[in-house]
Number of protein chains: 2
Amino acid sequence: MSNKITIDDLTQKLKGPHHKITPQRKIVLEVFIENPGEHLSAEDVHYILRDKGYDIGLATVYRSLELLSDLSILQKNDFGDGCRRYELNTATADAHQHHHLICVSCGKVAEFADDLLDELEDDIMKKSNFKITDHQVTFYGYCSKCQKKK
Amino acid sequence: MSNKITIDDLTQKLKGPHHKITPQRKIVLEVFIENPGEHLSAEDVHYILRDKGYDIGLATVYRSLELLSDLSILQKNDFGDGCRRYELNTATADAHQHHHLICVSCGKVAEFADDLLDELEDDIMKKSNFKITDHQVTFYGYCSKCQKKK
DNA sequence: TTATTTGCAAAGTCTTTGCAAGCAG
DNA sequence: CTGCTTGCAAAGACTTTGCAAATAA
């Protein structure tokens with residue numbers, strides 16, 4: 001019943017004549033599995049791989065991230081900090097996707113899942129006649145720690 | 001009682017020893033006043049200015065956009081299409097900010113203002129102990145026209 | 001075998017910066 | 001005058017692409 005993504009999921013999804021399972025792709029996914037909750041950029045992943053002793057080309061990291069998010073294994077995020085960030089995709093058909101709270105003081109990224117967003121989507125669809133398929137929702141503010149500091 | 005932004009607002013906000021009112025800054029703001037509802041990138045603004053016969057450096061456009069959004073005259077948007085986009089800031093102390101619906105088929109940007117988002121923010125603040133100061137909310141989907149085309 | 005993938009370096013896109021000349025106040 | 005702005009070109013940050021060599025199936 002576990003819904004955790006594993007290397008097997010990758011193998012599963014890459015079945016077919018057009019994709020291949022390569023060590024590079026596996027190891028990139030592994031980085032995300034080993035760093036749950038992190039929001040990693042291509043550069044981050046590349047650096048972590050270096051640390052682990054894998055010398056993979058940065059371009060390959062970019063290509064793997066693109067592929068993994070096309071396969072819905074990773075979720076692509078744009079926090080407006082100048083680079084794309086990825087994390088394991090935790091959304092399933094019936095589960096609510098989570099969203100981000102970014103502390104503008106310390107940079108910490110917290111997460112939340114909330115049904116209110118679904119209500120909001122339903123409401124928008126009704127009022128605007130727009131069929132929503134995806135969203136990018138990020139809140140900025142001060143985390144509890146930084147509120148105290150001030 | 002009008003809450004429309006004018007060149008006077010710029011003059012107003014640039015009062016003080018650290019900022020100057022320049023023709024470049026005025027004309028950049030004018031572009032937004034003359035193109036209500038558009039979400040313009042630096043390149044867009046630069047192009048429009050060219051068309052109007054003003055030969056302003058692109059770097060100056062970037063600097064003006066930065067300044068105008070620092071002054072809350074413009075609102076900065078990140079639609080994830082590779083460049084920052086700006087529009088006149090319609091948010092006031094008591095008015096709700098508007099948000100975006102982007103059609104992934106035709107690229108049209110629609111807007112909505114909804115109180116549900118405020119409820120969502122309140123809820124998040126209560127549950128997560130995060131003091132929200134800003135947000136970036138964008139929905140992607142199909143506009144009514146493109147739904148029919150399919 | 002053979003089409004996909006990799007690694008590298010080069011190119012591309014958007015944005016920022018350094019600096020001398022220009023200009024608003 | 002004097003310090004803020006401009007314009008230009010160069011640099012920067014992130015990402016994509018072309019291509020020959022390597023490799024999974």
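Within every chain, numbering begins at 1; the chains are lettered A, B, ... in the order of the sequence lines, protein sequences first and strands thereafter.
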Quiz item: Tell me, for nucleotides 20-25 of chain C in 5' to 3' order, what letter each nucleotide earns: B for a base near a protein heavy atom under 4.0 Å, S for only sugar-phosphate near one, - for neither?
Solution: ----BS

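- The side chain of B:Tyr62 contributes an N or O atom lying less than 4.0 Å from OP1 or OP2 of C:dT15.
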Practice problem: Begin from the C-alpha positions of A:Lys52 and A:Glu34 and carry the test salt bridge (charged side-chain N to carboxylate O under 4.0 Å, His left out) through to its verdict. | Solution: CA-CA 12 Å; A:Lys52 289 171 65 123; A:Glu34 290 174 358; 2.5 Å; yes

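- Here the two rings, on B:His100 and B:Phe79, have centers that are under 6.0 Å apart.
- The interatomic distance linking A:Leu58 (CG) with C:dG12 (P) rounds to 19 Å, in whole Å.
- The separation between A:Leu49 atom CG and C:dG7 atom C1' is 14 Å, rounded to whole Å.
- Sequence order on DNA chain D of the closest nucleotides to B:Val61 and B:His18 puts B:His18 first from the 5' end.
- Comparing C:dT15, D:dG7, C:dT6 against the side chain of B:Thr60 picks out D:dG7 as the nearest.
- A straight line from OH of B:Tyr86 to P of C:dC14 spans 14 Å, rounded to a whole angstrom.
- Dashed line: the shortest gap from a side-chain N or O of B:Arg85 to OP1 or OP2 of C:dC14 is not under 4.0 Å.
- Whole-Å rounding puts the B:Tyr54 OH to D:dT5 C1' distance at 18 Å.
- Residue contacts shown for A:Arg63 include a base, since a base heavy atom lies under 4.0 Å away.
- Checked options A:Asp78, A:Asn77, A:Asp44; the residue passing with A:Arg85 is A:Asp44 (criterion: side-chain hydrogen bond (donor to acceptor under 3.5 Å, both in side chains)).
- Counting to the nearest Å, the C1' atom of C:dT16 and the CG atom of B:Leu67 are 16 Å from each other.
- When distances run from any side-chain atom of B:Gln24 to the nucleotides C:dT15, C:dA9, D:dG7, the shortest one goes to D:dG7.
- Of the candidate nucleotides C:dT15, D:dG7, C:dT16, C:dT16 has the atom nearest to the side chain of B:Glu66.
- In this entry the distance linking NE2 of A:His46 with P of D:dA13 reads 17 Å, nearest Å.
- The CG-C1' distance, from B:Asp44 to C:dT13, rounds to 14 Å in whole Å.
- Comparing D:dT16, C:dT17, C:dC14 against the side chain of B:Glu43 picks out C:dC14 as the nearest.
- Annotation: B:Tyr140, atom OH; neighbour count of heavy atoms from other residues, nucleotides and ligands within 6.0 Å is above 12.
- A distance below 6.0 Å separates the ring centres of A:Phe139 and A:Phe112.
- An OP1 or OP2 oxygen of C:dT5 is reached within less than 4.0 angstrom by a side-chain nitrogen or oxygen of A:Arg25.
- A:Lys26 has its NZ atom 13 Å from the P atom of C:dT6, to the nearest Å.
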Practice problem: Decide yes or no on salt bridge (charged side-chain N to carboxylate O under 4.0 Å, His left out) for B:Lys126 and B:Asp122, but give the supporting numbers first. | Solution: CA-CA 6 Å; B:Lys126 264 180 225 147; B:Asp122 290 342; over 6 Å; no

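- The only option from B:Leu40, B:Val61, B:Ile27 that meets the side-chain contact (heavy atoms from CB on, under 4.5 Å) definition with B:Ile48 turns out to be B:Leu40.
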